[in-house]
Protein chains: 2
Amino acid sequence: MQNSLKTLFPNFSGELINTIEENGSPQDFKTGTVLMRTGQYIKNTILIIEGKIKIFREDEDGGEFLLYYLHPGQACAISMICTAKSEKSQIMAKVVEDVSVMMIPLQLMDKWMMEHRTWYEFVIETYRSRFEEVLEVVDNIAFRSMDERLEFYLKRHSDSCGCNEIKLSHQEIANELNTSREVVSRLLKKMEQRGLVKLNRNQIELLKKN
Amino acid sequence: MQNSLKTLFPNFSGELINTIEENGSPQDFKTGTVLMRTGQYIKNTILIIEGKIKIFREDEDGGEFLLYYLHPGQACAISMICTAKSEKSQIMAKVVEDVSVMMIPLQLMDKWMMEHRTWYEFVIETYRSRFEEVLEVVDNIAFRSMDERLEFYLKRHSDSCGCNEIKLSHQEIANELNTSREVVSRLLKKMEQRGLVKLNRNQIELLKKN
DNA sequence: AACCCACAGTAACATTTATCACAGATGGAA
DNA sequence: TTCCATCTGTGATAAATGTTACTGTGGGTT
């Protein structure tokens with residue numbers, strides 16, 4: 001574990017790593033677990049060691065909208081800022097690939113910010129990059145139509161897993177883009193005709209165009 | 001000026017106020033000035049003393065999309081986080097009501113974060129609340145249709161100015177919601193029929209329902 | 001007054017997206 | 001194999017939004 005932290009968070013000082021070891025509690029969660037729910041109070045922040053977590057918004061009718069994924073070596077930005085006042089969560093966090101995480105009590109956040117330069121930098125950078133990512137999401141829904149958003153979504157997925165096969169059903173994709181399955185099926189079919197993808201059951205293969 | 005800072009940022013310690021006085025440079029900008037442009041490097045952060053600044057995204061074709069407004073007593077969250085590396089701006093900032101601001105060189109940010117507890121808390125809180133605001137924006141475009149978004153937009157405006165008369169042309173509103181004037185006109189007309197607003201030239205009066 | 005111009009209303013039409021309805025395909029379980 | 005559940009494809013239609021085109025209106029200018 002010590003090893004994992006060191007390699008996953010290479011910028012952390014040795015001292016900080018030790019502090020994390022002492023104060024954090026390692027935990028595992030199965031795919032499907034909801035780690036955080038809108039309106040719920042946040043008591044911990046999370047460092048991801050392994051697996052994948054989906055961060056999304058949910059509306060009253062249960063509609064979803066994907067914001068971003070958290071991967072190993074990353075942390076939940078939102079929880080890191082809800083600091084002192086242990087604010088309510090404005091997002092949902094759901095495990096999409098079995099995770100192993102390090103839970104860190106929120107009350108340590110402020111302390112560490114002052115004591116550990118590398119922690120401070122990590123928090124700021126995490127927050128900055130998440131904000132940026134959300135702004136990109138805003139761009140997509142504000143300026144682009146469904147077909148472009150779908151392409152962007154697929155590309156992001158393949159970037160994130162480093163492979164060209166995306167193992168998701170049309171329904172799942174539709175959920176994350178907050179549209180309907182039929183729309184996704186149709187648009188994917190068009191993409192296939194344009195030679196951008198190859199469609200199989202439960203799997204979409206991205207064909208590099210270049 | 002000293003007085004303004006004290007009243008506008010009541011949580012700042014006296015010491016911090018002095019430091020700001022010494023290092024910041026007060027500046028005024030006229031309505032219409034673009035303070036920050038997408039892709040531009042950020043060298044300063046800004047405390048708003050007076051006036052109003054609009055923060056929005058812009059696409060390749062010049063389409064706009066409103067994120068939020070900055071009022072007196074607030075600061076530009078984005079610039080505060082682009083800290084050390086003086087990152088590029090991902091947003092546009094435009095003066096919509098003559099402003100008087102305090103410019104603070106970015107290289108002081110990290111230093112102050114460590115030295116001034118009240119500055120640290122202000123930055124964190126600013127960032128948290130802006131993130132939250134942007135998430136609300138995401139909700140609106142992801143889950144709501146144009147008529148609901150328009151109502152929300154009008155309400156936000158009247159809240160922000162504390163009055164019920166919104167002095168904007170349909171065109172301006174359409175720009176900020178990234179739609180067309182015709183659509184805004186249509187929807188406003190429907191709202192008038194439902195008794196929610198009263199329409200005048202260059203002015204929309206919100207009628208309290210209840 | 002005569003004119004101009006930004007603003008507002010509205011009809012007609014195009015396009016995009018959502019919804020409904022159903023059929024076929026695939027793979028695993030019995 | 002047979003059966004069933006899930007996934008996928010597709011047409012028909014509805015609803016929302018965007019686009020084009022034109023009219024009217026009010027205020028300010030000359």
Side-chain angles (χ1 to χ4, degrees), chain A residues 31-32 59-66 139-154 157 165-206, chain B residues 31-32 59-66 96 138-154 157 165-206:
Chain A
T31 299
D59 74 351
E60 314 82 43
D61 314 321
E64 291 189 7
F65 193 88
L66 175 68
D139 269 8
N140 279 312
I141 29 180
F143 299 129
R144 320 225 177 282
S145 50
M146 212 57 207
D147 52 352
E148 292 178 284
R149 286 171 52 197
L150 179 58
E151 281 190 45
F152 184 84
Y153 173 87
L154 294 177
H157 251 278
E165 289 79 40
I166 293 152
K167 289 182 178 34
L168 291 171
S169 71
H170 297 183
Q171 185 64 64
E172 290 175 291
I173 297 173
N175 289 148
E176 307 213 317
L177 295 174
N178 193 50
T179 179
S180 67
R181 195 218 21 109
E182 293 90 327
V183 172
V184 171
S185 286
R186 262 200 284 269
L187 293 176
L188 279 174
K189 209 66 200 171
K190 277 190 204 159
M191 286 180 68
E192 188 172 43
Q193 283 156 13
R194 285 195 291 149
L196 296 178
V197 296
K198 181 155 182 336
L199 301 180
N200 301 299
R201 189 190 178 80
N202 262 320
Q203 196 227 51
I204 298 164
E205 190 181 338
L206 274 185
Chain B
T31 299
D59 74 353
E60 315 80 45
D61 314 321
E64 290 189 7
F65 193 89
L66 175 68
V96 289
V138 169
D139 269 7
N140 278 313
I141 28 181
F143 299 129
R144 321 225 176 282
S145 51
M146 211 57 205
D147 52 353
E148 293 177 284
R149 286 171 52 198
L150 179 58
E151 282 189 45
F152 184 84
Y153 173 86
L154 295 177
H157 251 278
E165 288 79 40
I166 294 152
K167 290 183 179 32
L168 291 170
S169 71
H170 296 184
Q171 185 64 64
E172 291 175 290
I173 297 174
N175 288 149
E176 308 214 316
L177 294 174
N178 191 52
T179 180
S180 68
R181 186 201 48 89
E182 293 86 335
V183 172
V184 171
S185 286
R186 258 204 292 267
L187 294 176
L188 279 174
K189 210 65 198 168
K190 276 189 205 160
M191 285 179 68
E192 188 173 43
Q193 283 157 12
R194 285 196 290 148
L196 297 178
V197 295
K198 182 154 182 339
L199 301 179
N200 301 299
R201 190 187 178 82
N202 261 321
Q203 197 226 50
I204 298 164
E205 188 182 338
L206 274 185

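As the structure is a prediction and not an experimental result, all values here were calculated from the model. For the numbers below, each heavy atom of this structure counts, side chains included, while hydrogens, waters and symmetry mates do not.
Counting to the nearest Å, the P atom of C:dA18 and the CG atom of A:Asp61 are 14 Å from each other. Summarising the geometry, the separation between CG on A:Leu177 and P on C:dT16 is reported as 18 Å, rounded to the nearest angstrom. Residue B:Gln203 contributes atom CD, which lies 17 Å from atom C1' of C:dA6 at whole-angstrom precision. C:dT16 atom C1' lies 10 Å from atom CZ of A:Arg186, rounded to whole Å. Atoms CG (A:Asp147) and C1' (C:dT16) sit 9 Å apart, rounded to a whole Å. Rounded to an integer number of Å, the gap from CE of B:Met191 to P of C:dG9 is 13 Å. Rounded to an integer number of Å, the gap from B:Phe143 CZ to D:dA16 C1' is 18 Å. Remark: P of C:dA8 and CG of B:Leu188 are 9 Å apart, rounded to the nearest angstrom.
Looking at A:Arg144, its side chain has no donor and acceptor atom pair within 3.5 Å of the base of C:dT17. One can find a donor-acceptor pair under 3.5 Å joining the base of C:dG9 and the side-chain atoms of B:Arg181.
Side-chain contact between A:Met191 and A:Ile204 is absent, with no heavy atoms from C-beta onward closer than 4.5 Å. Side-chain contact check for A:Glu148 versus A:Asn140: every heavy-atom pair is 4.5 Å or farther apart.
Closest approach to the A:Glu182 side chain among D:dG18, C:dT19, C:dA25 is made by C:dT19 (side chain taken as heavy atoms from C-beta onward). Relative to the side chain of A:His170, the nucleotides C:dA6, D:dT8, D:dT10 differ in distance, and D:dT8 lies closest.
Nucleic acid contact for B:Ser169: sugar-phosphate only, since backbone atoms but no base atoms lie under 4.0 Å from a heavy atom of the residue. Residue contacts for A:Ser180: at a heavy-atom cut-off of 4.0 Å it reaches a base atom on one of the strands shown.
With respect to A:Glu60 and B:Arg144, a salt bridge is recorded, a charged nitrogen being found less than 4.0 Å from a carboxylate O.
With DNA chain D read from its 5' end, the first of the two nearest nucleotides for A:Lys189 and A:Arg201 is the one closest to A:Arg201.
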* May I have the step-by-step check of side chain to side chain contact (heavy atoms under 4.5 Å, CB included) for A:Val184 and A:Thr179, ending in yes or no? => CA-CA 8 Å; A:Val184 171; A:Thr179 179; 3.9 Å; yes

* salt bridge (charged side-chain N to carboxylate O under 4.0 Å, His left out) between B:Glu151 and B:Lys190, intermediate numbers included -> CA-CA 11 Å; B:Glu151 282 189 45; B:Lys190 276 189 205 160; over 6 Å; no

